[in-house]
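In what follows, a structure is listed as structure tokens, so that the remarks can point back to it.
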Amino acid sequence: MIAPVVIIIVLVILVIISSIRIVQQYQQAVVLRLGRYTRSLQPGIQFIIPLVDVVKPVDMRIRVENVENQDIITKDSVPVTINAVVYYQVVNAHKALLDVENYRKATSTVAQTILRSNLGAHTMSEMLTEQKKLDDLLRKELDEATESWGIKITGVEIRSMDLPEGLRRAMAKEAEAERERVAKVIAAKGEYEAAEKLAEAAEVLNKQPAAIQLRMLQTMTEIAAEKNSTILFPFEVSSVANLFAKQEK
């Protein structure tokens, strides 16, 4: 009598243990009862019917998917290799599990397609200067494409754009030429402004001849402070004669 009771108790304990499922905080578990979807289990201790229910956990954390490098031709016929990453999260576990065979692969494949079709419609200049705008456009279109799978696209980032070596050299030369042009324009503008100020100073000095002599003496004082060279400074003899004439009077 005791043996059957023990066996029954052991079987009951095994059934209770096998009916317990622990769902992690970052998961949802999809329950398939006899092959049909019944419910999604939330994090914590959950109970199922042994041998009838099949539990498939789904990770609900944000994932980072590295999109395979894509060779595209821009609108202005520039070949470029694009490397991008996609940030996405499962927001509906049973759709991600039941409505698409492999939501990770499907998301990556759709990202490649949208990347090629959208970036190919922009020029190289737009891709370099409006990257944030393009990231937002790609995120929006990819999110619309994966919404029916229970996938939420949280971000798309273009990590790098690899250009052909010849094109990189040409762009570097163009940038260098632009910098030289700007430098020459700034230098010419400085010369022009300096010439204007010198012309104004000449007009002031021309009104007061004695001021010219004072300016020359001040320049001699500044140069003589170095004490390392002999200085020949032009000076009108008539000015010296006039000075002595005034002293004699």
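Count residues from 1 along the sequence.
With hydrogens and angles ignored, the 3.5 Å screen pairs a side-chain donor or acceptor of Thr146 with a backbone N or O of Leu142. With Asn83 contributing its side chain and Met161 its backbone, the two residues share no donor-acceptor pair below 3.5 Å. For Thr38 (side chain) and Val31 (main-chain N/O), a donor-acceptor pair under 3.5 Å exists by modelled atom type. Arg21 places a side-chain N or O within 3.5 Å of a backbone atom of Ser18 that can act as its donor or acceptor partner. In this structure a side-chain-to-backbone donor-acceptor pair under 3.5 Å is present from Thr123 to Glu126. The backbone N or O of Ile73 lies less than 3.5 Å from no partner atom in the side chain of Ser77, so there is not a single donor-acceptor pair. Put simply, the side chain of Gln112 never gets that close to the backbone of Gln70: no donor and acceptor are under 3.5 Å apart. Between the Glu141 side chain and the Ile114 main chain, no donor and acceptor come within less than 3.5 Å of each other.
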*Go through the steps to decide whether Glu178 and Arg181 satisfy the test salt bridge (Lys or Arg N to Asp or Glu O under 4.0 Å), and finish with yes or no.*
CA-CA 5 Å; Glu178 178 64 18; Arg181 182 190 71 82; 2.7 Å; yes
*After noting the C-alpha distance and the side-chain angles of Tyr103 and Arg63, does the key distance pass the side-chain contact (heavy atoms from CB on, under 4.5 Å) rule?*
CA-CA 12 Å; Tyr103 66 86; Arg63 292 181 174 273; 4.0 Å; yes
_Trace of the side-chain contact (heavy atoms from CB on, under 4.5 Å) decision for Leu134 with Asn118_ = CA-CA 9 Å; Leu134 292 177; Asn118 279 272; over 6 Å; no
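Enclosure of atom CD in Glu191 is not indicated, since only 12 or fewer non-hydrogen atoms of other residues, nucleotides or ligands lie within 6.0 angstrom. Annotation: Glu180, atom CD; neighbour count of heavy atoms from other residues, nucleotides and ligands within 6.0 Å is above 12. Enclosure of atom CD in Glu68 is not indicated, since only 12 or fewer non-hydrogen atoms of other residues, nucleotides or ligands lie within 6.0 angstrom. The number of heavy-atom neighbours closer than 6.0 Å to CD of Glu147, taken from other residues, nucleotides and ligands shown, is 12 or below. Under a cut-off of 6.0 angstrom, the local environment of CG in Leu51 is sparse, with at most 12 non-hydrogen atoms contributed by other residues, nucleotides or ligands.
Between His94 and Tyr37, the two ring planes are parallel [angle under 30°; tilted spans 30° to 60°].
The shortest side-chain heavy-atom distance between Leu115 and Ile82 falls under the 4.5 Å cut-off. Using a 4.5 Å heavy-atom cutoff, the side chains of Glu65 and Thr107 are not in contact. Using a 4.5 Å cut-off on side-chain heavy atoms (C-beta onward), His122 and Thr74 make no contact.
At a cut-off of 3.5 Å, with distance as the only test, a side-chain donor of Asp71 or Thr81 sits close to an acceptor on the other residue.
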